[in-house]
*Asks:* 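Take this structure, written in structure tokens, and hold onto it; I'll ask about it next.
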Amino acid sequence: MNAFEITGGIKLKGEITPQGAKNEALQILSAVLLTEKKITISNIPDIKDVNKLIELLGDLGVTIERINKDTYTFEAKNIDLNFFESDAFKSKGGGLRGSIMIVGPLLARFGKAAIPKPGGDKIGRRRLDTHFIGFEKLGAKFVYDNKKAFFNVDATNLQGAYILLDEASVTGTANIVMAAVLAKGTTTIYNAACEPYLQQLCKMLNRMGAKISGIGSNLLTIEGVKVLGGTEHRMLPDMIEIGSFIGMAAMTESEITIKNVCYDELGVIPEVFKKLGIKLERRGDDIYVPSQKHYEIETFIDGSILTIADAPWPGFTPDLLSIVLVVATQAKGNVLIHQKMFESRLFFVDKLIDMGAQIILCDPHRATVNGIDKKYKLRGISMTSPDIRAGVSLLIAALSAEGKSTIYNIEQIERGYQDIDTRLRALGAQIKRVNADAPSH
Ligand SMILES: CC(=O)N[C@H]1[C@@H](OP(=O)(O)OP(=O)(O)OC[C@H]2O[C@@H](n3ccc(=O)[nH]c3=O)[C@H](O)[C@@H]2O)O[C@H](CO)[C@@H](O)[C@@H]1O
Ligand SMILES: C=C(OP(=O)(O)O)C(=O)O
């Protein structure tokens with residue numbers, strides 16, 4: 001297993017370009033199964049989760065060609081549905097969260113699909129009801145084999161329907177949209193998630209010949225079509241990486257320009273960092289973060305303590321709350337971090353407390369951060385990365401801390417951040433990859 005050794009307290013400087021969006025990539029790659037025609041996808045991030053899904057598509061029979069570092073073509077002409085029965089499918093399909101999104105397209109095109117219970121971060125309960133209730137509404141039948149932790153779904157003829165989602169699930173909406181585009185008649189999805197990932201997916205499907213309206217809203221109308229064709233698609237820059245870099249710049253007092261961010265697609269993300277007092281400027285399509293020693297958290301208008309909470313889009317994404325939390329530890333002022341969606345995503349604060357941060361974990365969903373205004377630096381420690389975003393938050397804490405830190409289990413970080421050590425070294429960070437397992441206690 002690999003670990004990062006970081007010598008902290010060094011100011012970084014320079015330009016960094018965000019990778020393509022991980023969560024968009026997982027949707028877009030699944031959508032190649034909807035057509036036998038060629039699809040060209042660019043700005044694909046070279047990260048573990050995405051590479052696992054590409055490998056899974058190859059195992060299913062998709063012809064894949066790598067054109068250059070971030071561009072591939074896919075042709076799903078000869079799909080091998082027997083692969084569902086193999087042990088390889090059981091282990092690979094369960095290896096990431098995003099694999100669940102092959103179900104909708106396979107169901108739409110071949111009338112059947114299967115998937116082992118998908119993986120992803122252990123950040124609380126991650127139910128899939130929205131996905132399967134949606135498929136049922138379209139006329140599919142599903143069986144969950146509890147012993148094998150395996151879902152089987154069948155439908156000879158999907159029929160458009162009105163579907164009111166029980167929650168605005170991101171991957172659930174994507175899955176149902178991909179099933180509905182080839183269903184007979186009209187499907188209406190209300191309480192749909194509308195993250196940029198989904199907007200991108202729907203735009204790509206329309207370019208393939210689908211008829212989806214309401215893109216960007218929580219009411220999608222889909223007129224089923226008989227067949228979809230090929231297209232080209234380019235992934236947006238990863239908004240979670242962009243937010244992570246803003247936080248990193250503030251914590252390490254660094255002057256950083258984040259290049260080509262597609263600013264108009266970032267929603268409230270820049271505003272939330274500004275509420276922490278962080279200065280940042282839009283320069284063309286870049287974000288410039290000046291070196292800043294102090295930043296002060298705003299209060300609400302009535303003077304009460306600011307709350308930063310997650311919500312489905314256009315609310316603030318839960319995937320950036322851990323970053324906001326770590327950045328607040330060095331701000332002036334207090335903030336309540338309220339992670340409404342996931343109940344186990346804030347437990348990593350015990351590591352920040354070990355580093356000297358002042359945080360009270362009120363309950364599994366809420367943490368109060370007492371920002372110390374850089375009165376002292378966090379101190380480097382050894383720690384294990386529990387999930388992808390906590391992992392990057394700990395990395396940011398380590399870069400700002402005094403002394404040496406070791407982060408174990410960096411596979412978690414590398415699920416979603418491409419060549420992160422190399423890219424940070426280019427900004428001047430002292431970060432080394434070593435072969436080491438977390439010590440057992
Ligand atoms: C591969 C992928 O794309 N993963 C993302 C996707 O996961 P994923 O699609 O798995 O997440 P969901 O949107 O289904 O739900 C996330 C969690 O929030 C809860 N929930 C959801 C909607 C809602 O209105 N109320 C509510 O409480 C769900 O019960 C669940 O616990 O979306 C999450 C929420 O943005 C992100 O954290 C993940 O990075
Ligand atoms: C939770 C995340 O990913 P996944 O849904 O793949 O576990 C994330 O990207 O922050």
Side-chain angles (χ1 to χ4, degrees), residues 19-31 45 47-53 56 93-104 115 117-134 164-178 189-201 218 235-236 238-244 267-269 309-325 338-346 348 364-365 385-393 411-418:
Q19 67 188 28
K22 159 182 159 281
N23 289 345
E24 179 185 335
L26 299 171
Q27 299 192 7
I28 297 294
L29 289 167
S30 303
I47 51 176
K48 285 214 158 74
D49 270 22
V50 164
N51 292 335
K52 277 187 194 170
L53 184 56
L56 192 64
L96 73 157
R97 182 82 185 159
S99 59
I100 186 68
M101 289 181 290
I102 66 171
V103 174
I115 195 76
K117 194 165 179 260
D121 277 338
K122 301 283 171 271
I123 47 183
R125 287 172 300 157
R126 303 197 69 177
R127 62 197 182 88
L128 292 167
D129 304 50
T130 310
H131 302 238
F132 291 101
I133 294 170
L164 173 55
L165 301 188
D166 68 333
E167 60 177 21
S169 166
V170 172
T171 52
T173 304
N175 233 343
I176 298 166
V177 166
M178 289 190 277
I189 309 176
Y190 195 23
N191 196 24
C194 60
E195 275 65 9
Y197 319 132
L198 273 152
Q199 299 178 33
Q200 286 284 99
L201 173 72
N218 68 350
M235 232 72 75
L236 282 175
D238 195 311
M239 62 182 187
I240 314 297
E241 237 203 20
I242 294 165
S244 307
V268 296
I269 291 172
D310 58 338
W313 194 268
F316 189 62
T317 165
D319 297 346
L320 277 172
L321 269 187
S322 307
I323 315 283
V324 165
L325 188 151
H338 193 163
Q339 170 64 257
K340 293 184 180 172
M341 292 196 194
F342 297 106
E343 61 256 21
S344 312
R345 223 174 188 182
L346 292 181
F348 80 103
H365 286 279
S385 164
D387 73 73
I388 173 175
R389 308 302 170 191
V392 169
S393 303
E411 284 68 22
Q412 272 295 351
I413 299 176
E414 297 189 315
R415 252 184 5 92
Y417 292 81
Q418 179 176 324

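As the structure is a prediction and not an experimental result, all values here were calculated from the model. We use all heavy atoms of the structure for the numbers below, so side chains are in, but hydrogens, waters and symmetry mates are not. First listed ligand is number 1; within each ligand, the first listed atom is number 1.
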*Asks:* Just which atoms of ligand 1 are under 4.0 Å from any heavy atom in P318?
*Replies:*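 With P318 as reference, the close atoms of ligand 1 come out as 34 (C), 35 (O), 37 (O).
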*Asks:* Of all the non-hydrogen atoms in the protein, which one sits nearest to atom 16 (C) of ligand 1, and at what distance?
*Replies:*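 I find the closest protein heavy atom is F342 CZ, 3.4 Å.
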*Asks:* Just wondering, do R389 and I240 contact through their side chains at under 4.5 Å, heavy atoms?
*Replies:*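 A side-chain contact under 4.5 Å exists here.
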*Asks:* How close does the nearest protein non-hydrogen atom get to atom 14 (O) of ligand 1, and which residue and atom is it?
*Replies:*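 That would be S169 OG, 2.6 Å.
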*Asks:* Hey, are D310 and K340 close enough for a salt bridge, meaning a charged N less than 4.0 Å from a carboxylate O?
*Replies:*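 Salt bridge absent between D310 and K340.
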*Asks:* May I ask whether P312 places a heavy atom under 4.0 Å from ligand 1?
*Replies:*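 The answer is yes, since P312 has a heavy atom less than 4.0 Å from ligand 1.
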*Asks:* Counting only nitrogen or oxygen atoms and a 3.5 angstrom limit, does T317 reach ligand 1?
*Replies:*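 Min N/O separation from ligand 1 is not below 3.5 Å for T317.
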*Asks:* Return yes if some donor-acceptor pair links the side-chain N/O of E24 with the main-chain N/O of L236 below 3.5 Å, else return no.
*Replies:*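 Between the backbone of L236 and the side chain of E24 there is a qualifying donor-acceptor contact (under 3.5 Å).
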*Asks:* Near D319, which atoms of ligand 2 are under 4.0 Å from a heavy atom of that residue?
*Replies:*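 Heavy-atom distances to D319 below 4.0 Å select 8 (C), 9 (O), 10 (O).
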*Asks:* Would you mind telling me if ligand 2 is within reach of the side chain of R345, the backbone, both or neither, using heavy atoms under 4.0 Å?
*Replies:*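 Looking at R345 and ligand 2, just side chain atoms fall under 4.0 Å.
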*Asks:* Any nitrogen or oxygen of T171, main chain or side chain, under 3.5 Å from a nitrogen or oxygen of ligand 1?
*Replies:*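 In this structure, T171 places an N or O atom under 3.5 Å from an N or O of ligand 1.
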*Asks:* For atom 32 (O) of ligand 1, which candidate among N23, D319, V170 holds the nearest heavy atom?
*Replies:*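 Looking at heavy atoms only, the winner is V170.
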*Asks:* List every atom of ligand 2 that sits less than 4.0 Å from any heavy atom of I388, numbering the atoms from 1 in the order shown and giving each element.
*Replies:*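 Heavy-atom distances to I388 below 4.0 Å select 8 (C), 10 (O).
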*Asks:* Run the numbers for me: atoms of ligand 1, each under 4.0 Å from some heavy atom of L26, listed by number.
*Replies:*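 That gives atoms 1 (C) of ligand 1.
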*Asks:* For atom 18 (O) of ligand 1, tell me which residue out of Q339, M101, E24, M341 has the closest non-hydrogen atom.
*Replies:*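 Looking at heavy atoms only, M341 sits closest to atom 18 (O) of ligand 1.
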*Asks:* If you measure from CH2 on W313 to CG on L198, what distance do you get to the nearest 0.5 Å?
*Replies:*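 Those atoms lie 11.5 Å apart.
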*Asks:* Could you tell me whether some N/O pair between R126 and ligand 2 is separated by less than 3.5 angstrom?
*Replies:*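 Checking ligand 2 against R126, an N or O pair does fall under 3.5 Å apart.
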*Asks:* Identify whether the distance between the nearest side-chain nitrogen and carboxylate oxygen of D166 and R127 falls below 4.0 Å.
*Replies:*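 Looking at D166 and R127, the cut-off is met.
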*Asks:* Hey, what do you get for CE (M178) to CD (Q27), rounding to the nearest 0.5 Å?
*Replies:*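 The CD atom of Q27 is 6.0 Å from CE of M178, to the nearest 0.5 Å.
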*Asks:* Got a second to check how far L201's CG is from N23's CG, nearest 0.5 Å?
*Replies:*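 With rounding to 0.5 Å, CG (L201) is 12.5 Å from CG (N23).
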*Asks:* Quick one: which ligand 2 atoms are inside 4.0 Å of a heavy atom on R97?
*Replies:*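 In order of numbering, the contacting atoms are 4 (P), 5 (O), 6 (O).
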*Asks:* What are the atoms of ligand 1, with element, lying closer than 4.0 Å to any heavy atom of R97?
*Replies:*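 Matching atoms, with element in brackets: 10 (O).
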*Asks:* In the protein, which heavy atom is nearest to atom 22 (C) of ligand 1, and how far is it?
*Replies:*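 Here the nearest protein heavy atom works out to A168 O, 3.7 Å.
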*Asks:* One residue to check: Y197. Relative to ligand 1, which of side chain, backbone, both or neither has a non-hydrogen atom less than 4.0 Å away?
*Replies:*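 Under 4.0 Å from ligand 1, Y197 contributes no heavy atoms.
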*Asks:* Would the distance check show the side chain of H365 and the main-chain N or O of H338 forming a donor-acceptor pair, the cut-off being under 3.5 Å?
*Replies:*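 The answer is no, because no donor-acceptor pair under 3.5 Å joins these two groups.
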*Asks:* Quick one: which ligand 2 atoms are inside 4.0 Å of a heavy atom on R389?
*Replies:*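 Taking each heavy atom of R389 in turn, ligand 2 has 8 (C), 9 (O), 10 (O) under 4.0 Å.
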*Asks:* Below 3.5 angstrom, do we get any N/O pair linking R126 and ligand 1?
*Replies:*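 By distance alone, the answer is yes.
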*Asks:* Among protein heavy atoms, which sits nearest to atom 23 (C) of ligand 1, and what does the distance come to when rounded to 0.1 Å?
*Replies:*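 Checking every protein heavy atom, the shortest distance to atom 23 (C) of ligand 1 gives E167 CB, 3.8 Å.
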*Asks:* Side chain to side chain contact (heavy atoms under 4.5 Å, CB included) with D319: which of I323, L321, T317?
*Replies:*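 Per the side chain to side chain contact (heavy atoms under 4.5 Å, CB included) rule, the option paired with D319 is T317, out of I323, L321, T317.
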*Asks:* Keeping the roles fixed (side chain from R97, backbone from T171), state whether a donor-acceptor pair exists under 3.5 Å.
*Replies:*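 Side chain of R97 to backbone of T171: no pair is present.
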*Asks:* Using a 3.5 Å distance criterion without hydrogens, assess whether the side chain of K52 forms a donor-acceptor pair with backbone atoms of G95.
*Replies:*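 At least one qualifying donor-acceptor pair exists.
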*Asks:* Is there a donor-acceptor pair under 3.5 Å between the side chain of Q418 and the backbone N or O of P45?
*Replies:*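 A pair under 3.5 Å: no.
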